[in-house]
Amino acid sequence: MIDIRGLREYPALVKELLGRRGVEDSVVEELAEVDSAFRDAVSARDELRSRVNDTSRRVAEAYRNKEPVEAERLKEESRRLGVDLDRITAEAAELEKRRREIWLVIPNLPSEEAPVGAGEADNVVVRYWSSEVGSSDVAPNLEYPDFKRVPHWDIGAELDIIDLERGAKLSGSMFPLYKGLGSRLIRALTSFALDEHSDAFLEIRPPTFVKRETMVSTGHLPKFADDAYQMERDDLWAIPTAEVPLTSMARDEILEADQLPLKMTAATPCFRREAGSAGRDTRGLLRLHEFDKVELMVYSTPAQAPEMHAEILRRAEGLLRRLGLTYRVLDLCTGDLGASSRRTFDLEVYAPGVDRWLEVSSVSWFGDYQARRANVRYRTEPGGSIEFVHTLNGSALAWARVIAALLETGREADGSVTLPAVLTPYLRGVTRIQRPDSEI
RNA sequence: GGAGAGGUGCCAGAGUGGUCGAAUGGGACUCACUGCUAAUGAGUUGACCUGGGAAACUGGGUCCGAGGGUUCAAAUCCCUCCCUCUCCGCCA
């Protein structure tokens with residue numbers, strides 16, 4: 001949720017910033033109007049309630065003074081006031097509900113630094129990286145031999161490590177099934193990433209299904225309900241990312257300043273319905289209903305946030321570098337920013353087989369938007385004031401697309417796939433995946 | 001799933017209809033005493049909403065697991081739900 005006091009004070013600025021991401025002024029104005037009406041109703045309600053409370057106190061007093069007639073008279077007066085109170089309380093409650101409804105679907109104010117743009121095409125490439133030239137402003141050479149121009153679904157079938165047909169048989173399309181070294185590869189990548197982050201990030205294994213309010217806290221509900229899997233009977237929701245449970249860990253809590261920044265990492269499956277993207281990128285591992293991911297998440301003070309944002313990005317990039325994959329960093333424009341985010345950098349890995357840049361991480365700074373929804377605050381100093389924390393997170397990394405890129409990048413002329421050396425210990429010495437019909 | 005007990009402030013724990021935002025103890029903070037620490041004494045110490053004020057501060061309201069109900073009045077009575085603990089059953 002945006003800061004509604006900020007809206008009261010600087011409505012023009014709020015409209016300007018939200019306008020950059022395509023929010024109509026009228027929506028913002030409606031929130032301001034309902035907010036104002038709500039506050040009027042609250043004042044009237046509280047004043048009346050004060051009178052009712054006072055009258056009740058005098059009832060007790062009258063009884064103590066042995067004045068039953070006076071007590072009856074006061075009771076009657078209080079009853080009469082109570083009728084009005086009920087009416088105006090209901091009005092206030094209705095206004096509060098409407099205010100919350102609008103408030104919840106208004107996205108976060110984008111950072112002043114986020115590039116202004118309408119959509120994907122306006123995202124800014126911050127840098128490229130490849131193992132040959134390292135970091136660079138210009139795109140690396142994307143020449144690859146023909147034997148690397150094979151899509152990963154063919155490689156996966158050839159090496160018998162990805163079985164999309166069987167996955168589809170069990171659960172439908174976009175639910176992959178990994179076999180043998182394919183399965184071990186996910187395990188290796190997960191262990192590798194968790195180990196890399198273990199110096200500074202507390203490892204968490206959160207629940208995979210969460211309550212509705214947990215989804216609301218991160219901004220995934222109510223607006224994006226169609227994107228999530230729901231267990232209707234228990235009203236539990238399958239997490240689309242570990243961001244969801246991690247961000248709610250400190251829900252309704254007040255943290256101490258010396259606990260911040262609080263850094264956590266978690267490996268979880270992620271579930272996405274991908275409603276509205278039917279038929280797009282559905283082949284292979286490009287877009288899935290279920291995939292595994294290691295997430296980084298931080299609660300910080302506002303002052304620490306920029307540094308944390310940079311650290312998460314650095315760590316996500318670090319993994320890609322150690323895996324030897326070519327990637328680029330995108331600064332998402334205001335039109336492409338996720339609803340809860342103030343600023344986001346996407347990491348896209350180059351997959352030569354499908355000849356595409358694949359998003360494998362999204363590193364976001366949410367300001368206090370999620371913290372306000374989840375009510376996560378901190379005490380600025382012992383005995384000091386209480387403020388909302390800032391939340392940040394990023395994938396490091398989402399494995400399915402990383403695996404696609406690894407298979408395509410690592411493919412050799414003989415059809416085998418060479419794996420990055422950093423994974424060797426996690427694969428008990430395996431350095432390449434051979435065709436099943438070749439010598440072992 | 002069945003039976004029972006319970007959920008109160010940072011913690012422990014009283015409170016069974018009005019004077020209870022809530023006793024008491026602990027913790028934390030401030031001051032005094034002390035060469036330092038400890039000990040001692042005094043004081044302070046909740047969150048949220050809304051109004052006034054530049055601010056210090058201050059008026060009103062809400063909150064005793066959550067939501068509903070009874071009543072002039074609810075931490076206290078009633079209903080539903082959630083969670084925790086003990087026992088039984090089942091089970092990876």
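In what follows, chains carry the letters A, B, and so on, assigned in the order in which the sequence lines appear, proteins first and then strands, with residues in each chain numbered from 1.
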**Message:** Suppose you measure atom P in B/rC10 against the same atom in B/rG6; what distance do you get, rounded to whole Å?
**Reply:** 24 Å
**Request:** Treat primed atoms plus P, OP1 and OP2 as sugar-phosphate and everything else as base, then score nucleotides 47-67 of chain B 5' to 3': B for base contact with protein heavy atoms under 4.0 Å, S for sugar-phosphate contact only, - for none.
**Result:** SSSSS--------BSS-----
**Message:** What's the gap between B/rC77 and B/rG17 when it is taken at their C1' atoms, as a whole Å value?
**Reply:** 8 Å
**Request:** Pick the P atom in B/rC82 and in B/rU24, then give their distance to the nearest Å.
**Result:** 37 Å
**Request:** Could you check which nucleotide pairs with B/rA56 in any of the strands shown, counting Watson-Crick or G-U wobble with both distances under 3.5 Å?
**Result:** none
**Item:** Pair partner, B/rA14 [Watson-Crick or wobble, under 3.5 Å]
**Value:** none
**Item:** Salt bridge present between A/Arg272 and A/Glu274 (N-O < 4.0 angstrom)
**Value:** no
**Fill in**
d(A/Leu177 CG, A/Glu290 CD) to nearest 0.5 Å is 10.5 Å
**Asked** Does the pair A/Glu77 and A/Arg73 meet the rule for a salt bridge (Lys or Arg N to Asp or Glu O under 4.0 Å), with working shown?
**Response** CA-CA 6 Å; A/Glu77 184 183 330; A/Arg73 193 190 65 75; 3.5 Å; yes
**Prompt:** Under the 6.0 Å and 45° cation-pi test, does A/Arg342 pair with A/Trp365?
**Reply:** yes
**Message:** In the structure I gave you, are the side-chain heavy atoms of A/Met231 and A/Phe209 within less than 4.5 Å of one another anywhere?
**Reply:** yes
**Prompt:** Does any nucleotide pair with B/rA38 by Watson-Crick or G-U wobble geometry, both distances under 3.5 Å, and what is it?
**Reply:** none
**Message:** Suppose you measure atom P in B/rG18 against the same atom in B/rA74; what distance do you get, rounded to whole Å?
**Reply:** 11 Å
**Item:** Side-chain heavy-atom pair A/Val298, A/Met264 within 4.5 angstrom cut-off
**Value:** no
**Asked** Is it true that atom CD of A/Glu101 has more than 12 heavy atoms of other residues, nucleotides or ligands lying nearer than 6.0 Å?
**Response** yes
**Asked** Which one is paired to B/rC29, where only Watson-Crick or G-U wobble pairs with both distances under 3.5 angstrom count?
**Response** B/rG43
**Asked** C1' atom, B/rU34 versus B/rA39: distance in rounded Å?
**Response** 10 Å
**Asked** When you compare B/rC20 with B/rG26, how far apart are their P atoms, in angstrom units rounded to a whole number?
**Response** 23 Å
**Fill in**
When both distances are under 3.5 Å in a Watson-Crick or G-U wobble arrangement, the nucleotide paired with B/rA74 is none
**Message:** Need the pair for B/rC91. Rule: Watson-Crick or G-U wobble, both distances under 3.5 Å, any strand; none if unpaired.
**Reply:** none
**Request:** Round to the nearest Å and state the distance from A/Glu381 atom CD to B/rU30 atom P.
**Result:** 11 Å
**Integer-rounded Å distance: B/rU19 C1' and A/Arg58 CZ** = 16 Å
**Message:** With a 3.5 Å limit on both atom pairs, tell me what B/rA23 is paired to, counting Watson-Crick and G-U wobble, or say none.
**Reply:** none
**Spacing of the C1' atoms in B/rA47 and B/rG21 (rounded, Å)** = 11 Å
**Item:** Short N-O contact, A/Arg45 and A/Glu91, less than 4.0 angstrom
**Value:** no
**Asked** Taking the same atom, P, in B/rG51 and in B/rG13, what whole-Å distance lies between them?
**Response** 40 Å
**Prompt:** Which base, if any, makes a Watson-Crick or G-U wobble pair with B/rU84, both distances under 3.5 Å?
**Reply:** B/rA5
**Fill in**
RNA chain B nearest-nucleotide lookup for A/Thr55 and A/Tyr63: closer to the 5′ end is A/Tyr63
